[in-house]
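Hydrogens, waters and symmetry mates play no part in the numbers below; they use all other heavy atoms, side chains included. Start at 1 and go down the list; that is how both ligands and their atoms are numbered.
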Amino acid sequence: MDIDRRISGKTKVVGVIGNPIEHTISPQLHNTLNLALTVDMVYVPLKVGKSDLENAIKGLKALNFAGFNVTVPFKRDVIRYLDEVSKDALLMGAVNTVKLEGGKLCGFNTDAEGFLRSFEEETGLRVKGLRVSIIGAGGTSRAIAVRLAMEGVSKLYILNRTLNKASDVCKVINESFDLAAEAFPSDNPGVEDILLESDVIINTTSVGMFPNPDEYPLPWEIAFRESQVVCDVIYNPVKTRFLSAAEQKGCKTINGLGMLIYQGIAAYEAWTGVQVPQDLAGELKDKLNTLIG
Ligand code: ATR
């Protein structure tokens, strides 16, 4: 037998806390980077009971984890247990990455950065000056809306089934940026003009995700324009019904895999100080696409 030397007493430990956690592909993403870049670190999935968050965070600190990711349902609640939180993450109301620095737990958000990097890479465009519609008004919507406002989009429309949640996201934007974000109820086909005049449309709801790929995030069909960029934060399936419909109209479409990979890479770079080369990021994306598909 061969001795497995991958983990020793010096190996840095990181992981992801969430519940459920069984379907995460973050361990594959990070451990593949560890292998490819010969970084002595291991990334583990950590299922945390919904009432055990505080104990879990204290435990991770006591166990000297180098850092950890935070996923559903803890991205908002984790904030109160951290020593420092970045200004952006506070505006977004969500932390997805924590780094242990000098004995302090420092939280930030790489989700929206992942979205932006994926968008720029796949379109060759900058979002500055663009008109953007976001469907959904949950945590993902708010994080992306804040980041897009920071980048200087010219217009933000938030469409949601529950109007007051869309209004809450707009309030955060309008109080912090020189931008008038507007909220609309997504079940009203009257918002069609809003979508038609948008340069970019983003689905941030989980509608259309495996195992329901035929579901659509609105109760009516959008008449996409060919020149629009249409994004879905879902990566499983690779192409939701929403993205297929946009593609049929000739739109540039982007799924959530790039966002997932780049939020992970941003966390990885923060924990290790190692820059992930672009060609490795591309290869990782192809491999994970095959794994999911
Ligand atoms: P996340 O943190 O991933 O953004 P979330 O905070 O639970 O998740 O938000 C989910 C979003 O998807 C919400 O905007 C939700 O709409 P409501 O605010 O009306 O609940 C939206 N959503 C979920 N299921 C939906 C459905 N079947 N049809 C339309 N919107 C839906």
inquiry  = Walk me through whether Asn96 and Gln263 qualify under side-chain hydrogen bond (donor to acceptor under 3.5 Å, both in side chains).
reply    = CA-CA 9 Å; Asn96 80 318; Gln263 65 74 30; 3.2 Å; yes
message = Any salt bridge linking Lys285 with Glu122? Criterion: basic side-chain nitrogen under 4.0 Å from a carboxylate oxygen.
response =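 Yes, charged N to carboxylate O under 4.0 Å.
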key: Side-chain ion pair, Lys61 and Asp83, N-O less than 4.0 Å   =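 Here Lys61 pairs with Asp83 in a salt bridge, since their nearest N and O are under 4.0 Å apart.
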query = Asn174 side chain to Cys170 main-chain N or O, any donor-acceptor pair under 3.5 Å?
reply =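 Checked: pair present.
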query = Heavy-atom distance to atom 10 (C) of ligand 1: which of Ser141, Pro217, Gly138 wins?
reply =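 Among Ser141, Pro217, Gly138, the closest heavy atom to atom 10 (C) of ligand 1 belongs to Gly138.
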message = Once rounded to the nearest 0.5 Å, what's the spacing between atom NZ of Lys287 and atom CG of Leu29?
response =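 Lys287 NZ to Leu29 CG: 13.0 Å, rounded to 0.5 Å.
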Among all protein heavy atoms, pick out the one at the shortest distance from [atom]; state its residue, atom name and that distance to 0.1 Å.
{"atom": "atom 16 (O) of ligand 1", "value": "Asn160 OD1, 3.3 Å"}
{"atom": "atom 17 (P) of ligand 1", "value": "Thr162 OG1, 3.4 Å"}
{"atom": "atom 28 (N) of ligand 1", "value": "Arg161 NH1, 3.6 Å"}
{"atom": "atom 2 (O) of ligand 1", "value": "Gly139 N, 3.4 Å"}

task = Could you tell me whether atom 7 (O) of ligand 1 has at least one protein heavy atom nearer than 4.0 Å?
result =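 When distances to the protein are checked, atom 7 (O) of ligand 1 has no heavy atom within 4.0 Å.
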[X], any N or O under 3.5 Å of ligand 1 N or O:
{"X": "Val207", "answer": "no"}
{"X": "Ser206", "answer": "no"}
{"X": "Thr140", "answer": "yes"}

ask   = Which atoms of ligand 1 sit under 4.0 Å from any heavy atom of Lys165?
value =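 It comes down to these atoms of ligand 1: 17 (P), 18 (O), 20 (O).
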task = Output the list of atoms in ligand 1 that are nearer than 4.0 Å to some heavy atom of Gly136, sorted by atom number.
result =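 Checking each atom against Gly136, I get 14 (O).
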ask   = Would you say the side chains of Asn69 and Tyr43 form a donor-acceptor pair under 3.5 Å?
value =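 Distance-only check passes for Asn69 and Tyr43.
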message = Hydrogens and angles aside, do Asn289 and Asp286 bring a side-chain donor and acceptor to less than 3.5 Å of each other?
response =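 Their side chains do not contain a donor-acceptor pair, so the 3.5 Å distance test is not met.
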Non-hydrogen atoms of Ser141 and Ile158 that approach each other most closely =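 Scanning both residues, the minimum pair turns out to be OG-CG2, 4.2 Å.
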inquiry  = Using a 4.0 Å heavy-atom cut-off, which part of Thr205 comes near ligand 1: side chain, backbone, both, or neither?
reply    =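 Both the backbone and the side chain of Thr205 come within reach of ligand 1.
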